[in-house]
Amino acid sequence: MIGMKTLRECVKEAQERKVAIGHFNISNTEGLWGVFRAAQSLSVPVIIGVSEGERDFIGVKQVVALVKSLREEFQYPIFLNADHCYSFEKVKEAIDAGFDSVIYDGAKLPFEENVKIAKQCVEYARASGRDVLVEGELGYIGTSSKILDSVPEGVDLSEKSLTDPNKAREFVEATGVDMLAPAVGNFHGMLRGGVDPKLNVERINKISETVGIPIVLHGASGNSEDDVRQAITNGMVIIHINTEIRVAFRQGLMKGLSENPDEVAPYKYLRPAVQAVEDVVAKKLKLFNNL
Ligand code: G3H
Ligand code: ZN
């Protein structure tokens, strides 16, 4: 057992140790068990992420209760993040429901508008009476965790379009966010074939040094192990994986169904799906935690 720490303490510790906390998205309890078992087997803290769509499916209040039940029963540092909220209302809903952290994603909006709403989210979090971490986004990296035939529309990987370190500092100072998700050559989803373009490690380093708060790598499905390792050494403190989990879950489900064509008990044919999630997550956690 690794004791009960808050998310803020775990993030600080990861930052000091130059490792990263894994953030994994789920849509159901099978995904949750897969992620939890992987983390538990390695004794590392973990963050469960649910996007607006994912939490509508599993239930906003229900996912809070599920994660809380694991945290309490196993005295385990497992946390819940409201991933990519596109409005203040969605942030408010998540904070009211008991999430540990929220992401306000105004990356598509003009800078001033993004600042205004992110600041409103921070103020709401601070007034909640709980220590809810707020993450802001600067730089557009696409929106969906899926298999892609090309880089998502609107995402430009050239250096001039990546997050500018000085603009990032201005954003952080104006909003008071606890963490920042920049665009550094990353994007949501994964290219068919499973290998995404290289991350811009120099830019990660520059942003991390300039903003002085933890930075978060989104869209890490498809990025090479070497790229991810360098991203961590250069300042990424939380790493998000979704597409690779979705692919694993689907493959596991298909295996479970095809190997048991007459089985109708979900807890039997879904077992390989849970295992597939656990395997992917364990592999990522070893990488993120230098194990
Ligand atoms: O917030 C979710 C992540 O950034 C997931 O990105 O699907 O490319 O792994 P990914
Ligand atoms: Zn993301």
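As the structure is a computational prediction, the values presented were derived from the model and not from experiment. Note that ligands are numbered from 1 as they come in the structure, with each ligand's atoms numbered from 1 the same way.
A heavy-atom separation below 4.0 Å is not found between Gly49 and ligand 1. Within the 4.0 Å heavy-atom cutoff, Met190 does not count among the residues contacting ligand 1.
Residue contacts with ligand 1 for His23 are absent, since no atom lies close enough (heavy atoms, distance under 4.0 Å).
His218 has its closest N, O or S atom to the Zn ion (ligand 2) at the position named ND1.
Lys167 forms a cation-pi arrangement with Phe111, by the criterion of a distance under 6.0 Å to the ring centre and an angle within 45° of the ring axis.
His84 lies close to the Zn ion (ligand 2), since one of its N, O or S atoms is found at a distance under 2.8 Å.
Taking any N or O of Gly219, backbone or side chain, at least one lies under 3.5 Å from an N or O belonging to ligand 1. Among the atoms of Asn25, none of the N or O lies under 3.5 angstrom from an N or O of ligand 1. Geometrically, ligand 1 and Glu244 share no nitrogen or oxygen pair separated by less than 3.5 Å.
More than 12 heavy atoms of other residues, nucleotides or ligands shown are found within 6.0 angstrom of NZ on Lys198. For Lys90, the NZ atom counts as densely surrounded, since its 6.0 Å shell holds more than 12 non-hydrogen atoms of other residues, nucleotides or ligands.
Side-chain contact of Asp156 with Ser158: a donor-acceptor pair under 3.5 Å is present, judged by distance alone. At a cut-off of 3.5 Å, with distance as the only test, a side-chain donor of Glu54 or Asn242 sits close to an acceptor on the other residue. Using a 3.5 Å distance cut-off with no hydrogens or angles, the side chains of Glu170 and Asn166 do not pair a donor with an acceptor.
Considering only non-hydrogen atoms, atom 7 (O) of ligand 1 lies nearest to Thr243 out of Leu217, Asp83, Thr243, Leu148.
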(request) Could you go through the side chain to side chain contact (heavy atoms under 4.5 Å, CB included) check for Asn28 and Phe249 one step at a time? (result) CA-CA 11 Å; Asn28 50 30; Phe249 182 88; 3.5 Å; yes
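Residues Ala183 and Thr163 approach most closely at N-OG1, 2.7 Å, considering heavy atoms.
Under the 4.5 Å side-chain criterion, counting only non-hydrogen atoms from C-beta, Leu133 is not in contact with Thr6.
Those atoms of ligand 1 with a heavy atom of His218 less than 4.0 angstrom away are 1 (O), 4 (O). In summary, the atoms of ligand 1 found under 4.0 Å from a heavy atom of Phe187, numbered by their order in the structure, are 8 (O). Near Asn242, the atoms of ligand 1 lying under 4.0 angstrom from a non-hydrogen atom of the residue are 5 (C), 7 (O), 9 (O), 10 (P). Residue contact check: Gly189 has heavy atoms under 4.0 Å from atoms 7 (O), 8 (O), 10 (P) of ligand 1. Every atom of ligand 1 with a heavy atom of His240 under 4.0 Å away is listed here by number and element: 1 (O), 2 (C), 3 (C), 4 (O), 9 (O).
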